[in-house]
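Quick note on labels: first sequence line is chain A, next is B, and so on, each numbered from 1. The analysis underlying the following values was restricted to heavy atoms, covering all of them including side chains, and did not include hydrogens, waters or symmetry mates.
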There are 6 protein chains.
Amino acid sequence: MNDYPYPMLNRPSMIWSKQTDKRVDLKVHEWIETIGEMKPHWEDYDVTILGVPLSKSSISTSAASENPDAMRRAWRAFGTYNLEEEVDLARLKAIDLGDVKQHVTDIRYTHQQIQQAMVAMREYHPHTIPLMMGGDHSITAMLIKGWKQVHNNETIGILQLDTHFDLRDLAHIGPANGTPIRQLVESHTVEGKHVHTIGLHGFFNSHELKNYADQHGVHYTTMKKVRKNGIRHIVTEALAQLEKVVDTIYLTVDMDVLDIAYNPAAPAATPGGMSTEELFEAVQLAGEHSKVKAMDIVCLDPRKDVGEMGVKSAVHTMLSFLTGVCRRY
Amino acid sequence: MNDYPYPMLNRPSMIWSKQTDKRVDLKVHEWIETIGEMKPHWEDYDVTILGVPLSKSSISTSAASENPDAMRRAWRAFGTYNLEEEVDLARLKAIDLGDVKQHVTDIRYTHQQIQQAMVAMREYHPHTIPLMMGGDHSITAMLIKGWKQVHNNETIGILQLDTHFDLRDLAHIGPANGTPIRQLVESHTVEGKHVHTIGLHGFFNSHELKNYADQHGVHYTTMKKVRKNGIRHIVTEALAQLEKVVDTIYLTVDMDVLDIAYNPAAPAATPGGMSTEELFEAVQLAGEHSKVKAMDIVCLDPRKDVGEMGVKSAVHTMLSFLTGVCRRY
Amino acid sequence: MNDYPYPMLNRPSMIWSKQTDKRVDLKVHEWIETIGEMKPHWEDYDVTILGVPLSKSSISTSAASENPDAMRRAWRAFGTYNLEEEVDLARLKAIDLGDVKQHVTDIRYTHQQIQQAMVAMREYHPHTIPLMMGGDHSITAMLIKGWKQVHNNETIGILQLDTHFDLRDLAHIGPANGTPIRQLVESHTVEGKHVHTIGLHGFFNSHELKNYADQHGVHYTTMKKVRKNGIRHIVTEALAQLEKVVDTIYLTVDMDVLDIAYNPAAPAATPGGMSTEELFEAVQLAGEHSKVKAMDIVCLDPRKDVGEMGVKSAVHTMLSFLTGVCRRY
Amino acid sequence: MNDYPYPMLNRPSMIWSKQTDKRVDLKVHEWIETIGEMKPHWEDYDVTILGVPLSKSSISTSAASENPDAMRRAWRAFGTYNLEEEVDLARLKAIDLGDVKQHVTDIRYTHQQIQQAMVAMREYHPHTIPLMMGGDHSITAMLIKGWKQVHNNETIGILQLDTHFDLRDLAHIGPANGTPIRQLVESHTVEGKHVHTIGLHGFFNSHELKNYADQHGVHYTTMKKVRKNGIRHIVTEALAQLEKVVDTIYLTVDMDVLDIAYNPAAPAATPGGMSTEELFEAVQLAGEHSKVKAMDIVCLDPRKDVGEMGVKSAVHTMLSFLTGVCRRY
Amino acid sequence: MNDYPYPMLNRPSMIWSKQTDKRVDLKVHEWIETIGEMKPHWEDYDVTILGVPLSKSSISTSAASENPDAMRRAWRAFGTYNLEEEVDLARLKAIDLGDVKQHVTDIRYTHQQIQQAMVAMREYHPHTIPLMMGGDHSITAMLIKGWKQVHNNETIGILQLDTHFDLRDLAHIGPANGTPIRQLVESHTVEGKHVHTIGLHGFFNSHELKNYADQHGVHYTTMKKVRKNGIRHIVTEALAQLEKVVDTIYLTVDMDVLDIAYNPAAPAATPGGMSTEELFEAVQLAGEHSKVKAMDIVCLDPRKDVGEMGVKSAVHTMLSFLTGVCRRY
Amino acid sequence: MNDYPYPMLNRPSMIWSKQTDKRVDLKVHEWIETIGEMKPHWEDYDVTILGVPLSKSSISTSAASENPDAMRRAWRAFGTYNLEEEVDLARLKAIDLGDVKQHVTDIRYTHQQIQQAMVAMREYHPHTIPLMMGGDHSITAMLIKGWKQVHNNETIGILQLDTHFDLRDLAHIGPANGTPIRQLVESHTVEGKHVHTIGLHGFFNSHELKNYADQHGVHYTTMKKVRKNGIRHIVTEALAQLEKVVDTIYLTVDMDVLDIAYNPAAPAATPGGMSTEELFEAVQLAGEHSKVKAMDIVCLDPRKDVGEMGVKSAVHTMLSFLTGVCRRY
């Protein structure tokens, strides 16, 4: 495999056996293929899944590095058929590329590998939709930089579902999980006015960050407004606004956007957040939109999970997004 | 007690002391009587409660066998008075018959005992409403077969609250917890068109099962529709439709119908499910309906519970149903 | 400090370091001052916070005594800026007075200390709003008695958010956590008709207690009604009714008013309760009302908490109330 | 039952069903009888078991009040036959009297009830060996006072297995769980020199308490010495020394004597303590001694337990003691 | 693979990626090969590993069915080099065959599959040492029957490490986890006098079972004796005694032989058991013995585990046995 | 405080109130002083305590960064008097300097700060014994480098209690927690032959690492040998050997040296390790030795702890070491 484009990846650490028996109900782990010893025909795939197990860059202690494997274990309990939407994901062809290699002590180096993984994905199979399983939110900056490196003429927008602006100052903490949007704005990768964050609430963003957002034209919608107008309306509007001004919309879901009762597994989980039902509707809508071309799910720490509710919600979020994607075709 | 009709039952393994002191607030464990050494006057009772501690027939590992005792422990924290509905359950006379005896290694034999327990209940005190505490969902098939064995001229309908169709193929897995409705349909105990399942959602039913449901006329309502129209409307409609075509409606509640945030204790708990508030309203409505003559609560594994929220919800479900029953009189 | 008014208090057992570095985002533990070795200028403060770590008076076993310290630890994760309301709590000046000293075996003595702590607060800085972190609900009776002792011409009303009436009979159990409202009524500290309890539901109040409430004119609103009319409407009405007849409204929040899915940490947590979103809206409305002059948060047992969701909700409740208070100025 | 000697007791809150089927292996819950509606023939019994669910008198928060019921649930997993010692406990006749009634808010009153329960046991069936399941260590003072009240000519000695002296000053904290031995010494119920505490270690007793012990002639053996000489030698010596000077030896086991790895469920569990193996050997030796006439097990909080290891160890401790008792006959 | 001898097996459900990078420290998951799509050269292997995920046959509820996968996950944290013994397991060639297929509701059928899996192993590669990961103890009877079916001229002995005799009566409970030794004795597969059980203790075997053991000449050694003479001496003697009278010794380790402090994950874990240190020494000694030709590890329920200590101990037990095996060569 | 030597430290994040009431039993948190607003008289102190909350450099995910605060919380439950040794730690004067400031994303920078913190301690109060609370084991390399920077003429030896050699190759993973000894050897800070590691066992060190140790003359003693000869003998010998060839012995305790049953909280906890009793004896002996001049405790992750047994053992380890130190005077 001398032309293998992914020197910076490890294969998925665990590979699930496919049942050789004929079965009527296809499970997600039987549907998603795994990168293996033979070179895949890249052109066959619609979706490429990538684990990004970095959480050393988190402000608070986080084992989000264990999330990609936790999601892989959890998706065995999901089928490919969405009954409520009457959509079968098996119509898409998906492959799990494995995980970006992690350096134990050099976060900067790991960040570069993450960027290069996105570069490779965009170069070798630019028609696929990349789905990234974090890791903490710092990876989003590197992934979008990777996208920009390949598609440097594109205007990129961001639809962020998050309790936080993620606009903290790199000068204080470096490229950490509180800074990705600011990092992208300050590096001129994405303009502030091309970002829309939905789900902000409570006492978890300082006045200074709000001022920064306002100064840079970052759009945002609080949970109070989401509850008043409904998530469907809010997301539809945000997409409509973004599609006018950008070529590509990158969807990033920080799992701490969920209320702590629905997801205790986010390191920064709080009360007052979104319900899973609202989140699933939001990402499905995004999935339906033809300009939404990539998605990541970050800040889910399986060690803090209770009854697997956080990890199962992360998998469902990924599958709800893909339900939307199926609708495009 | 030589005419004791229940050779297949053990007495409840634990019996709560009634406080001899006069107390103003009657607790559920002080209200529900316990089968004892003297023969009860069966005619006095309105409700008979039965534990069915079988979960070896579960597809995934389950300790739902421990649910009947967990519910008995938990109901000590509940009173008999429903303040919101201004109904006192103490107006009903209820008795706990104990648990169906379990064989350690012969599931088929245990299934027969379960059927015979229902036969005995219908023969000895057919005016009572049986409430069964499972156990896994495989017991529902045996309980309804027992009912049919005694009342073989009745047309039986099923109102099922569940995340799943429970229409999986017996040929693959035997009479397991994924198969009860199919088992009843294929044994001609209940017709597919006399079944209505409410609460299906997400990625937890295969396309093949949906096709089977459609072919056999099984009615169903997804959570998406429940959220759109409201649980009150959906349940009222389902009962109205069933009452026209059946003599008896059997209510079966698979506790995995609840969202995992409300009930992490179901072996197959998932996000995207029903809230407890919706479930309590649904079963109270069913309880009010004069054709609803039996109820079971299944697939609650106390070992997976968090802060007792699942077991308390199971008890509340039982008591909300009985609140409805009180309304009939 | 020979004129220190608080012989019955211990300083907060733990004092958080303030970061000396300039930081853009002020955290709650950096905002709330701590009583120290120098006498504060009482006139500077708007809010005084008091821990009341008594839970030996609970009917069921409770470690609510550990709640004040748990809240102090948890509020480090909150900022002072409420983005949804665009209010910065830092506009208020707040001080943490520490905890009422506890006797290991003499509950009566501790109760007297609690009353004296309120007396001291009202005498030394009557312009401040006292916020009490319980402890169990028995403390509310002592705190209001302390208030009445100083302001004996005031008519006091109570807005209670609770799953229970708290009208149980002292003759049976003494001044326990099930009795505070009755204790206040029977001691003629507060009239029954000046009490409004919101959030009652389910099977957790006996018929006899309801009768007692009706006989004494206690107002109450069940969750069923809250869901029908909305929490905003209910609280607005309750405050409007109380403000006509009382001089001071004391707000008491029993954390078991929350649904067990949102707060498993209350010793008497149950399904069917309020959401955190509703609770936060309720207390913010109360905070906005100029007659609401004191607040307590009780019956939160951090040992029963799951993923800190209960303790974080308690802190958010306190901060949402203060958000309302800010609106008054 | 108008001559029932136990107005201060509740029946055991839960009563286990005896299996009516003939079974080859007798379980502890099938062997221990339960006080019921008919008056027992007191003369038939060798052992009377009493629950003392008081832990409001604990210095640290404790749910040891839940220990008696936890032990009753756990002993269902134990048989009556001790294979290693070839002794069958069923040779003894034992009855569970239930629990001392608890006042919710008046610890002094509860303490008096505990003393009266011991008085009643010694008056009505003085030939039996009372086994008390605490509750916290404060109960030991009341139980021994009760014994002394009836047998006021007896010299009483105490063999205590504990990490602590339990000699703290009542003047500071009242009759709490840190004070029972001091309380007995200061009330002249037991002389300091008739007390022997085994298992002290680490940093959990102050120099002042050691001085108090030395001044009053309290004997003690540290874990360091236990490890050097072996528990068998230490206990044998302690009993030999006590038997010369007292009529009755009361055995009290504070479960915090166990190392935290063997018993995380004691509120004051620490590393450096005794192994279960040593504890079982110690109490069996005590059980064999004819002057050891009563035993209690205290300070076990089931809510802190891990995998039931603490509660199972408490049951095993009780049964190992009874194994010794069987040897006497 | 038309001559694949294992129609009754599923491949291991998860397959760990081998790191392609050269690494100095070989991990167990990189050493153990996995049965795959190509037929292995059976003659190359020294050890075959088999998962037997059956625990429906347990008397108490058990998720021991999840143990094979739990062990596979846990052994990633182990290397192949035993420093204390200076032995490298990589000298052996080992392959993981996967798991015996499980029927959801027909335990008898599954039992037959288990027997057939052993038959296949003995027929296709009789020179290998089979290591079975249970499942509950009922599997041992089927595995030894499978061995006997192939090697019907061999006299088989059993070295059992267990808290229990496992001699309960099949007439009562069928082929459950309490019956395997009796089942083998009564089916004349193994003679009672060719069985030696080490580790019995406490109150967990009835007098009747001891009588049965004595009548059939079953050898046994209690923990009391193990502590007195040392595990090395006891195991050496037991092997010396067995080797004189049998051709093959089957080693079966019920993980409940460990003290509950060392292994809370066995469904029947108790205090008073063996330490891990003693267990590792015992199995290493057995591994060194040339007549010990097979081993199983049973009754480990990963859901009851605490901090993975039980599962890690199970893996260490397997590797300590193999350390002994290496010594043979 | 313009000559404050610690720009790289934060004050302890939480400061415990000292009780102003006279108390007979001094608790550890009342004994250890806290660095505050006034400059301490450095010459008064015998012991300086430093938190080093870095665990981003761990190979496996670790929250050992939370250990310093966890130890500070836990030591409130310890007194200063060691009853078994009749030593009062209060005879020493100790101060808690706080924690080394952590960079969120730049591990190298944090490592430099750690080294500078040791440099400052050695320059400003070289007579004190520094006690460092990690953090992961990577900090040991930086701390010893700091020592060497100040005392560059000293020959430094290391007594390491650890399950692992910590000799992994920096070329692969950078200055991580598996590499500190190798880092010191390769930087010529410490010679291999001046290192003695006690507690190695099981399958947790590769053959290659053993070869490296042998090539560099690193001394080591396995648990097998510890069990044979006793920890007292082993430690005494190791110290005797080191004292001949070095000026200063640095004691480093990796908490994973403890058996997982005694300490589940180490990220790499395993069965087969040391007991707490052995560890306490080992460090006390080291504390008694006049050449042992510094100590650290690392790799304790409070989030993995069970019943606080790991954190309490870490505090006891620190206090046992100081018990030894008291003996020197």
Side-chain angles (χ1 to χ4, degrees), chain D residues 19 21-28 30-31 74-91 230-232 255 258-265 269 273-281 284 305-320 322-323, chain E residues 59-60 162-165 167-169 171-173 178 182 197 199-214 220-228 256 258-276 278 301-307 309-310:
Chain D
Q19 299 306 326
D21 307 6
K22 174 107 193 61
R23 287 167 60 116
V24 289
D25 54 330
L26 189 70
K27 293 294 186 187
V28 168
E30 293 165 334
W31 159 55
W75 69 42
R76 296 177 77 203
F78 289 76
T80 61
Y81 183 66
N82 185 326
L83 180 74
E84 281 165 304
E85 304 295 331
E86 301 195 0
V87 163
D88 198 329
L89 304 181
R91 154 181 354 162
I231 189 71
R232 170 165 289 274
M255 291 297 288
L258 287 173
D259 192 281
I260 193 168
Y262 287 93
N263 179 22
M274 206 175 267
S275 71
T276 44
E277 183 193 327
E278 289 168 322
L279 176 57
F280 300 158
E281 187 165 4
Q284 183 175 323
D305 210 354
V306 174
E308 278 191 278
M309 71 176 80
V311 174
K312 284 182 173 176
S313 296
V315 171
H316 203 303
T317 299
M318 183 180 104
L319 301 183
S320 290
L322 291 175
T323 301
Chain E
I59 298 168
S60 50
D162 203 333
T163 287
H164 309 89
F165 277 119
L167 286 169
R168 292 174 67 164
D169 193 348
H172 295 157
I173 54 178
R182 185 146 173 177
T197 301
L200 300 156
H201 64 93
F203 300 87
F204 311 109
N205 292 281
S206 70
H207 202 162
E208 288 78 5
L209 294 184
K210 177 192 177 310
N211 290 343
Y212 185 94
D214 290 344
Y220 62 90
T221 309
T222 63
M223 279 310 298
K224 190 177 179 182
K225 214 163 164 185
V226 168
R227 289 192 187 105
K228 194 171 158 201
D256 70 18
L258 287 173
D259 192 282
I260 193 169
Y262 287 93
N263 178 21
T270 61
M274 207 175 265
S275 70
T276 43
E278 290 168 321
D301 176 351
R303 293 200 185 178
K304 289 192 64 183
D305 210 354
V306 174
M309 70 177 80

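Residue D:Thr276 touches chain E through its side chain alone, counting heavy-atom pairs closer than 4.5 Å. Looking at D:Glu281, neither its backbone nor its side chain comes within 4.5 Å of chain E, counting heavy atoms on both sides. For D:Thr323, the part sitting under 4.5 Å from any heavy atom of chain E is the side chain, from C-beta outward, and nothing else. With a 4.5 angstrom heavy-atom cutoff, E:Phe165 touches chain D only via side-chain atoms. Contact annotation for D:Leu89: only side-chain heavy atoms (C-beta onward) come within less than 4.5 Å of a heavy atom of chain E. Contacts of E:Asp169 with chain D are absent, with no heavy-atom separation under 4.5 Å from either backbone or side chain. In this structure, chain E has heavy atoms under 4.5 Å from both the backbone and the side chain of D:Tyr262.
E:Lys225 and E:Thr221 make their closest contact through CB-CG2, 3.7 Å (heavy atoms, listed as atom of the first residue, atom of the second, distance). Of all heavy-atom pairs between D:Pro264 and D:Met309, the closest is CD-CG, 3.7 Å.
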**Request:** Carefully, step by step, assess D:Thr317 and D:Leu279 under the rule side chain to side chain contact (heavy atoms under 4.5 Å, CB included).
**Result:** CA-CA 7 Å; D:Thr317 299; D:Leu279 176 57; 3.5 Å; yes
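Going from atom CD of D:Glu308 over to atom OG1 of E:Thr270 covers 12.0 Å, rounded to the nearest 0.5 Å.
Contact tally against chain E (heavy-atom pairs below 4.5 Å) for D:Asp88, D:Val315, D:Leu319, D:Val306: the top residue is D:Leu319.
Taking the six-membered ring for Trp and thresholds of 30 and 60 degrees, E:Phe204 and D:His316 have ring planes inclined between 30 and 60 degrees apart.
Residue E:Lys210 places its NZ atom among more than 12 non-hydrogen atoms of other residues, nucleotides or ligands, all under 6.0 Å distant.
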